[in-house]
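Below is one structure; the comments refer to it alone.
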Amino acid sequence: MSTFAIFLVLITIVCFLLIVVIMVQNPKGGGLSSTISGTQMLGGVQKTTDFLDKSTWTLATILIALILLSSLSFTGSLSDTDSKIIEKTEAPAANTPAAPAQGTPAPAAPAAK
């Protein structure tokens with residue numbers, strides 16, 4: 001498995017987690033924090049909202065870092081050195097034979113008086 005494929009799988013997992021965390025939140029203060037009533041639960045409603053907010057920012061930061069790292073490891077099938085246009089323009093020039101050597105030497109220039 002190539003490095004780019006590993007990054008692609010990690011980016012997909014982080015995107016899925018980010019979608020889940022964002023869908024759990026409610027922009028008007030509802031969502032998961034409104035379903036947990038009272039302070040009997042782990043830390044209460046305010047801690048849940050803080051956790052969701054921090055996890056959103058953390059996952060977004062991880063996603064950006066993975067995208068930047070994957071762009072460094074990307075080796076596409078058509079990079080600048082493997083361009084089909086360059087191959088087409090260089091191929092005829094490489095296949096043409098060199099001019100045959102002349103059997104007779106060129107005449108010498110007349111001597112100046």
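Atom set for the values below is all heavy atoms of this structure, side chains included, hydrogens, waters and symmetry mates excluded.
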Sequence neighbours excluded, the answer for side chain to side chain contact (heavy atoms under 4.5 Å, CB included) partners of S2 is F4, A5

Sequence neighbours excluded, the answer for side chain to side chain contact (heavy atoms under 4.5 Å, CB included) partners of I6 is M1, L10

Identify every side-chain donor-acceptor pair in residues 58-69 under 3.5 Å, counting partners at least two apart or on other chains, and give the distances.
unit_1 : atom_1 : unit_2 : atom_2 : d
T58    : OG1    : K54    : O      : 2.7
T61    : OG1    : W57    : O      : 2.8

Notebook entry, point to check: Among the clusters formed by ILVMFWY side chains lying less than 4.5 Å apart, do I11 and V9 turn up in the same one?
Noted result: yes

Joining Ile, Leu, Val, Met, Phe, Trp and Tyr whenever any side-chain heavy atoms lie under 4.5 Å apart, the cluster holding L8 also takes in none

Separation between SG (C15) and CG (L17), nearest 0.5 Å, reads 9.5 Å

Between Q25 and L52, the two heavy atoms sitting closest are NE2-O, 3.0 Å

